[in-house]
Structures are given as structure tokens and as C-alpha cells.
Amino acid sequence: MSSGWRKISIVILVAVLCLCAFFAVISASTTSYTAQSVVEDYNIPVGQSMFENQSIVGTSENIEVPIVSNLGFLSHQLLALDIQGILRSASTGIVPFDFSTVASSGIDSYGNVVDIEGPGFLTYEGDKLAVKAPDNYVWGYSAPYKWLVKTESGVDVMENGTKIKSVPVEEIKNLDYHNDYYNASTIASWYNYDAQVGSTFALEKGMVGFSDGRNNISSDDVPKIFGQDVVDYAAEYPTGSPILLYSGNYTEEAGEAYGTSLGSHPEYGDSIREINARQFVEAWNGTVIPPNSTGSGKDYVYFESASDASAPGGSAAHGVCPSARALRAAVTSEGFDLPTGMTWDEDAVLFGYNPARDITVHNDYDYPVQIKMWTEGEGTGMGIYAQVVRYIPN
């Protein structure tokens with residue numbers, strides 16, 4: 001080795017030793033923090049959904065602390081070669097909080113989310129803070145965030161558990177609440193014919209009971225975190241339904257398709273039966289049931305009644321049974337139990353069960369499934385088909 005290189009090597013070694021000694025000295029003069037104390041002092045939202053580059057403190061401004069009692073926090077500025085930051089700290093007497101002292105994976109030293117794809121969430125990893133990437137599948141349950149409660153004199157409008165206002169009966173028809181599935185007329189019909197005092201009508205839905213333990217979210221946050229498609233899907237299904245919110249890397253695997261035909265029962269009106277069969281298909285087609293969860297068909301699907309002296313009330317939604325038999329065959333072929341609200345008989349739907357929202361299917365798999373239903377042709381010879389599609393994780 002030449003004398004020139006020897007001198008350079010000695011200088012580098014001395015510089016490294018001095019830098020290590022400097023870090024050791026300033027670290028000894030740094031206030032001791034814990035993840036729990038930082039969370040409490042700065043109201044950091046543990047459990048909240050987080051995305052790449054987002055600050056865990058919820059603002060664009062860094063947490064800053066006095067440099068005199070936190071000299072050790074200069075180290076992450078030095079390692080980042082943040083000369084401007086060092087000069088600012090030296091001139092102002094404050095230094096950005098070094099989150100590497102209280103955080104582990106998914107968070108950089110400035111408190112920003114890093115190396116996360118999709119909607120992660122802030123949690124604890126041992127005694128440190130961490131942002132976890134979403135599991136391959138994330139699901140939750142829809143829950144009313146804004147809703148109506150029927151009273152003796154009208155409705156109360158509730159939001160997140162707080163009453164916003166009371167609306168008298170005569171003003172219900174003027175309520176400006178609507179989406180693709182309900183409007184003021186729907187609400188008035190619910191109030192006049194379906195609801196009793198204390199009954200509720202969901203206007204907007206948040207999400208609760210997440211599979212990965214993250215915090216519940218409001219109706220406003222659902223589209224921001226999981227997309228408008230989730231909002232639209234949840235709006236179609238009964239409140240409390242399990243909703244697949246996020247899916248990672250998976251392959252769709254189609255099960256066997258099972259079919260039947262509408263057949264003819266003119267005593268119940270074959271035209272009404274065809275309408276009801278198609279409505280059943282509409283109610284169930286596209287339903288996604290998360291792992292080890294129980295799902296139903298859509299909420300805002302309506303069926304025609306046909307006279308039937310043997311039915312409770314003297315009428316029934318005839319025509320749904322052929323569709324129900326196709327669905328029954330498809331889900332039980334997967335090893336799932338007989339759906340709630342069905343029998344093994346030719347008349348597959350039990351009286352008293354709405355064929356859309358009251359029948360339920362339990363998914364026994366550790367991954368989601370989608371139910372597909374469709375029809376071919378028309379009239380009494382119309383074919384009705386059902387199939388289960390498995391979301392197999394890669």
C-alpha cells in the first residue's frame with residue numbers, strides 16, 4: 001500500500017472513530033422516549049389506516065423537540081446528510097424527532113410510512129410502533145354511520161351515535177337523502193309500512209370489525225381508504241354484511257356450474273315466476289363472501305307475490321325456488337352447509353325468508369369466494385345457473 005493511501009485510510013479510520021464517539025456522547029444526552037409515551041404525548045392514531053409517504057402524526061409538519069435535551073436526534077440528520085436541517089437545528093435550537101428510537105418496520109426516522117403497498121395500518125410491534133402492510137385479504141362489516149330512527153312523531157337523524165335533528169312526519173317526504181338504492185319515496189314507504197317505533201334505516205355505512213384489527217372507519221373514510229367500489233358494494237347489501245375491502249395477490253378458480261330450468265306452474269302465474277327467478281339471480285350474482293364469514297344476497301331486490309292458500313298470509317314469491325336450487329347445488333358442492341333459509345326439498349326456500357337478504361351462505365374456506373348466477377333464454381324453459389369462484393392466494 002502506498003504512503004498516500006495509508007494516510008487516507010488513517011484519516012478515514014480516525015473520522016469514523018470520532019463520529020462513533022460523537023454519537024455515543026450525544027446519545028447519552030438524549031431524553032428517553034417510549035412508543036407509548038410518544039403516542040400519548042402527540043395523539044398518534046394507533047390503529048389508523050396508513051399509506052406510503054403518509055406521516056404517522058397526521059400532519060405535514062415534523063414533531064420537533066429542544067436540541068439541548070435531544071442531541072442524539074442530530075444523528076439521523078447527519079446520516080441523511082441533511083446539511084440544511086442541521087444548520088436549521090443549530091440556529092433554532094430545535095431538532096426533528098427521530099422516530100427510529102421508538103419505531104420499527106414501515107416507518108422512517110422522520111415518521112413517514114415507507115415500504116408499504118396498499119392500505120396498511122399503524123400498530124405496535126413489541127414495544128415499538130410499526131406500520132403493517134395489509135394482509136392478502138382485508139375485510140370488515142358494514143355498520144350504520146348515519147341513519148334514521150322512527151319515532152312517534154317522525155324520524156331522528158343520527159350520525160355516529162349523535163342525534164343531528166328530528167324530522168316530523170309531514171317532512172319525511174322532503175328529506176334529501178338518496179343513493180342508487182333509496183330516495184325520499186323509499187324512506188317514506190319504510191316509515192309508513194315496514195318500520196315500527198325504534199326501527200332504523202341506514203343512510204351511510206362505515207366499516208367496523210376489521211379482520212386485521214385496524215380501527216373502525218367512518219362513511220367518509222371508506223372511499224378514501226378502500227375506494228368507491230367498496231362503498232357501492234356495501235350500499236347494495238344489508239347493514240352488518242361482511243365486506244371484502246382489499247385483496248392482494250390471488251388467482252380466480254371457478255368451481256363447477258350448476259343449473260336448472262324455471263319449469264311451468266301456471267297456477268302461480270309463470271310470468272310472475274320468471275320475474276322472481278330473475279330477481280333471485282340479481283340478488284346473488286356478484287356476492288363476495290370473505291373467509292370464514294356468512295353473507296346474504298342484496299338488500300334492495302323485490303319479489304312479486306302470487307296467491308297460494310298454503311302459504312302464510314295466502315301468498316308467496318313463487319319462482320325463486322329454481323334459482324335457489326341452483327345456488328344450493330353450487331355452494332354445497334364446495335362442502336359448505338345448506339344455506340340458512342333453505343331446505344333440501346324441491347321447494348327450496350322456506351316460507352318467511354326473504355330470498356335475497358334473509359338467506360345466508362357460510363364460506364368455510366380461508367380465502368374469499370364469489371357467487372356468480374346467470375340465466376339463459378326466457379319463459380318456462382329459461383335456464384338458471386350458479387357457480388362459486390374461489391379467490392386462491394398465490
Side-chain angles (χ1 to χ4, degrees), residues 180-181 186 232-233 235-238 241 252-289 294-363 369-390:
D180 290 341
Y181 306 100
T186 313
D232 296 340
Y233 182 94
E236 290 187 275
Y237 288 82
S241 295
E252 292 190 10
E253 181 181 273
E256 185 175 348
Y258 290 83
T260 186
S261 63
L262 178 62
S264 178
H265 288 278
E267 68 272 25
Y268 301 127
D270 283 334
S271 60
I272 289 177
R273 293 179 63 252
E274 181 175 352
I275 290 171
N276 286 340
R278 291 183 183 276
Q279 288 296 90
F280 189 105
V281 169
E282 169 65 22
W284 282 91
N285 183 42
T287 296
V288 177
I289 306 177
T294 300
S296 74
K298 300 178 179 72
D299 201 8
Y300 299 101
V301 176
Y302 302 97
F303 300 90
E304 300 287 340
S305 293
S307 296
D308 183 350
S310 65
S315 64
H318 285 289
V320 299
C321 288
S323 299
R325 292 196 296 271
L327 175 63
R328 181 181 67 189
V331 299
T332 57
S333 71
E334 297 291 315
F336 301 165
D337 290 338
L338 175 70
T340 299
M342 286 192 189
T343 74
W344 287 108
D345 299 335
E346 186 77 4
D347 293 335
V349 178
L350 289 168
F351 287 127
Y353 283 81
N354 181 289
R357 61 177 176 267
D358 290 342
I359 290 176
T360 60
V361 172
H362 185 77
N363 171 18
V369 296
Q370 183 188 53
I371 293 171
K372 289 188 175 181
M373 294 196 72
W374 66 97
T375 63
E376 294 180 1
E378 59 184 17
T380 57
M382 181 178 71
I384 305 164
Y385 301 90
Q387 181 181 50
V388 171
V389 177
R390 313 173 196 105

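The first residue of the sequence shown is numbered 1, and numbering continues consecutively from there.
Lys372 places no side-chain N or O within 3.5 Å of a backbone atom of Gly286 that could act as its donor or acceptor partner. Judged by distance alone, the side chain of Asp345 and the main-chain N or O of Ala348 form no donor-acceptor pair under 3.5 Å. Put simply, the side chain of Lys298 gets close to the backbone of Asn285: a donor and an acceptor are under 3.5 Å apart. Judged by distance alone, the side chain of Gln387 and the main-chain N or O of Gly255 form a donor-acceptor pair under 3.5 Å. No donor-acceptor pair under 3.5 Å is formed between the side chain of Trp344 and the backbone N or O of Leu338. No donor-acceptor pair under 3.5 Å is formed between the side chain of Ser241 and the backbone N or O of Tyr237.
Here the closest non-hydrogen pair linking Phe351 and Ala311 is CE2-CB, 3.6 Å. Residues Thr287 and Ser296 come closest through the heavy atom pair CG2-O, 3.5 Å. Nearest heavy-atom pair, Ala326 versus Met373, reported as atom, atom and distance to 0.1 Å: CB-CE, 4.4 Å. Annotation for Gln279 and Tyr302: closest pair NE2-O, 2.9 Å, computed over non-hydrogen atoms. For Pro322 against Ile384, the heavy-atom pair with the smallest separation is CB-CD1, 3.8 Å. Closest non-hydrogen pair, Ala330 versus Tyr258, comes out as CA-CD1, 3.7 Å.
Distance check: Met342 CE to Asp347 CG gives 12.5 Å after rounding to the nearest 0.5 Å. Going from atom CD of Glu378 over to atom CG of Leu262 covers 11.5 Å, rounded to the nearest 0.5 Å. Between Leu327 atom CG and Thr332 atom OG1 the span is 9.0 Å, to the nearest 0.5 Å. Taken to the nearest 0.5 Å, the OH atom of Tyr385 stands 12.0 Å off from the OG atom of Ser323.
His318 pairs in a side-chain hydrogen bond (donor to acceptor under 3.5 Å, both in side chains) with only one of the listed residues (Asn276, Asp270, Asp308), which is Asp308. When Val301, Val320, Thr375 are each tested for a side chain to side chain contact (heavy atoms under 4.5 Å, CB included) with Phe280, only one passes: Val320.
Residues Asn354 and Phe303 meet the side-chain proximity criterion, which asks for heavy atoms closer than 4.5 Å. Side-chain contact between Glu274 and Met382 is present, with heavy atoms from C-beta onward closer than 4.5 Å. Two residues are said to be in side-chain contact when any heavy atoms from C-beta on lie closer than 4.5 Å; Val331 and Val388 meet this criterion. Looking only at side-chain heavy atoms (C-beta outward), Thr343 and Leu350 come within less than 4.5 Å of each other. With contacts defined as side-chain heavy-atom distances shorter than 4.5 Å, the pair His362/Phe336 does not qualify.
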Given Val361 and Trp284, is the side-chain contact (heavy atoms from CB on, under 4.5 Å) satisfied, shown in steps?
-> CA-CA 10 Å; Val361 172; Trp284 282 91; 3.9 Å; yes
Before giving the answer on side-chain contact (heavy atoms from CB on, under 4.5 Å), spell out for Tyr181 and Glu236 the whole-Å C-alpha distance, their side-chain angles and the decisive distance to 0.1 Å.
-> CA-CA 7 Å; Tyr181 306 100; Glu236 290 187 275; 2.8 Å; yes
Might you work through the side-chain contact (heavy atoms from CB on, under 4.5 Å) test for Ile371 and Ile289, ending with a clear yes or no?
-> CA-CA 8 Å; Ile371 293 171; Ile289 306 177; 4.1 Å; yes
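Under a cut-off of 6.0 angstrom, the local environment of OH in Tyr353 is sparse, with at most 12 non-hydrogen atoms contributed by other residues, nucleotides or ligands.
The pair Arg278-Glu282 does not meet the salt-bridge criterion, since no charged nitrogen lies less than 4.0 angstrom from a carboxylate oxygen. With salt bridges taken as basic N to acidic carboxylate O contacts below 4.0 Å, none links Arg273 and Glu304.
Relative ring orientation between Tyr268 and His265 is described as tilted, the plane-to-plane angle lying within the 30° to 60° band.
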